[in-house]
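Input: a single structure, listed below in structure tokens.
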Amino acid sequence: MADSKTLSSELPQLPLELWEDLSMFDPRSHEFNEGLDAANELARQGGYRLLAIEDIFPPVEVTPPTGFESEVVIQNGARIRTDQFRGRIFGLDRQSDQMSLDVHRLVSDSGVAVQYCDLRPFMSSQIRKGGPEDNQVGKLDRAFLKDLVFFAEHGHPKNTVTSVKGVNYTKLGRSKIRGYWMGVELEDGSDSIIARIGDSADNPKSEENLYRRLFKKQL
């Protein structure tokens, strides 16, 4: 028997004129959420499929990094609840009930699909300023993506933060450079996505400061 998602995808789309103005609103705003709810109620009543965020903000294809055959970015593609970070992750600048983040979807050269969003820009300035030097950022990004593919293939990360459940990290060679990431649940509870949450530079003090500010823990 086909599931509800499959059945919904086979239905026609709600006429564009009934929802095209939604792309003009910030998806975190009351206006957007009220409009989306109204449009999807019309869809239910009229026998149309429900609108997805990709309908309103179409994916944009970008040049993929080395080792990947494709990458698309979906503007505001992940809506997440902030209460899931309570007692685990600290330093978020925007303490609203929910956040909307761009989603990066990539397919590796070996055909493995991965996706992630980035919480780092929403962190406090004290957390953001502690990252690696500019000439190391690209290397850490590539190492993170490799770890993401490993996670998708094996079902577990290479490295985990033992003092904070569910948080993992990417390390850059033998340096002290670290990139921290975790799985976050989407607002509707239908799925989860990887989120980058913070980086540390190539010195013990940077890592200690990040633990204190991001996790409220002593390294």
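When reading the values below, keep in mind they use all heavy atoms of this one structure, side chains included, and skip hydrogens, waters and symmetry mates. None of these values were measured; they are calculated from a predicted model.
Minimum heavy-atom separation, Leu186 to Ala78: CD2-CB, 3.9 Å. Nearest heavy atom pair, residue Ala195 against residue Leu119, reads CB-CD1, 4.1 Å. Nearest approach of Asn209 to Arg212, heavy atoms of both residues: OD1-NH2, 2.8 Å. For the residue pair Phe122 and Ser100, the shortest heavy atom distance occurs at CZ-O, 4.4 Å. Here the closest heavy-atom approach between residue Leu22 and residue Phe57 is recorded as O-CZ, 4.5 Å. Shortest non-hydrogen contact noted between Val149 and Ser108 is CG2-CB, 4.3 Å.
For the atom pair Glu20 CD and Leu14 CG, the distance stands at 11.0 Å (nearest 0.5 Å). With values rounded to the nearest 0.5 angstrom, Tyr169 atom OH is found 10.0 Å from Asp147 atom CG. From Asp202, atom CG reaches atom CZ of Arg178 across 9.0 Å, with rounding to the nearest 0.5 Å. Taking NZ of Lys165 as the reference point, atom OG1 of Thr160 lies at 12.5 Å (rounded to 0.5 Å). A distance of 8.5 Å separates CG of Leu92 from CG of Leu214, quoted to the nearest 0.5 Å. Here the straight-line distance linking atom CG of Asp21 with atom CD of Glu31 works out to 12.5 Å at 0.5 Å rounding.
Residue Asp199 is tested with Lys129, Lys171, Arg120, Lys176 for a salt bridge (Lys or Arg N to Asp or Glu O under 4.0 Å); the sole match is Arg120. Here the rule is salt bridge (Lys or Arg N to Asp or Glu O under 4.0 Å) with Arg105, and of Glu61, Glu71, Glu54 only Glu54 fits it.
Using a distance-only test at 3.5 Å, with no hydrogens or angles considered, no donor-acceptor pair links the side chain of Asn40 to the main chain of Leu50. When atom types are taken as modelled, the side chain of Ser206 and the backbone of Ser200 share no donor-acceptor pair closer than 3.5 angstrom. No donor-acceptor pair under 3.5 Å is formed between the side chain of Asn168 and the backbone N or O of Met182. Checked by atom type and distance alone, the side chain of Gln136 never pairs as donor or acceptor with a backbone atom of Glu133 at under 3.5 Å. In this structure, the side chain of Arg128 engages the main chain of Met123 through a donor-acceptor pair within 3.5 Å. Proximity of a side-chain donor or acceptor of Arg81 to a complementary backbone N or O of Glu185 within less than 3.5 Å is not detected. Panel note: side chain Asp55, backbone Ala52; a donor-acceptor pair is recorded below 3.5 Å.
Using cut-offs of 30° and 60° for the angle between ring planes, the His154 and His156 rings count as tilted. Between Tyr211 and Tyr180, the two ring planes are perpendicular [angle over 60°; tilted spans 30° to 60°].
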One pair to check against side chain to side chain contact (heavy atoms under 4.5 Å, CB included): Val112 and Val107. What are the steps and the verdict? CA-CA 5 Å; Val112 178; Val107 177; over 6 Å; no
Please lay out, stage by stage, how Leu140 and Thr170 fare under the test side chain to side chain contact (heavy atoms under 4.5 Å, CB included). CA-CA 8 Å; Leu140 181 59; Thr170 292; 4.2 Å; yes
For a side chain to side chain contact (heavy atoms under 4.5 Å, CB included) check, start with the C-alpha distance between Leu101 and Ile80, then their side-chain angles and the critical distance, and finish with the verdict. CA-CA 8 Å; Leu101 305 170; Ile80 64 174; 3.8 Å; yes
Apply side chain to side chain contact (heavy atoms under 4.5 Å, CB included) to residues Ile177 and Lys139 and explain how you reach the verdict. CA-CA 10 Å; Ile177 296 173; Lys139 294 178 181 179; over 6 Å; no
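You'll find the side chain of Ile56 reaches within 4.5 Å of the side chain of Leu36, heavy atoms only. Counting heavy atoms from C-beta on, the side chains of Ile197 and Phe215 come closer than 4.5 Å. Residues Gln13 and Trp19 meet the side-chain proximity criterion, which asks for heavy atoms closer than 4.5 Å. Inter-residue side-chain proximity for Ile89 and Val167 is flagged as met; some heavy-atom pair is nearer than 4.5 Å. Taking the side chain as every heavy atom from C-beta outward, Asp102 and Asn76 approach each other to under 4.5 Å. Between Leu106 and Tyr116, some side-chain heavy-atom pair lies under the 4.5 Å cut-off. Counting only heavy atoms from C-beta outward, the side chains of Val184 and Gln84 approach each other to under 4.5 Å. Within the 4.5 Å cutoff, side-chain heavy atoms of Leu145 are placed close to those of Pro65.
The aromatic ring centroids of Trp181 and Phe151 lie less than 6.0 Å from each other.
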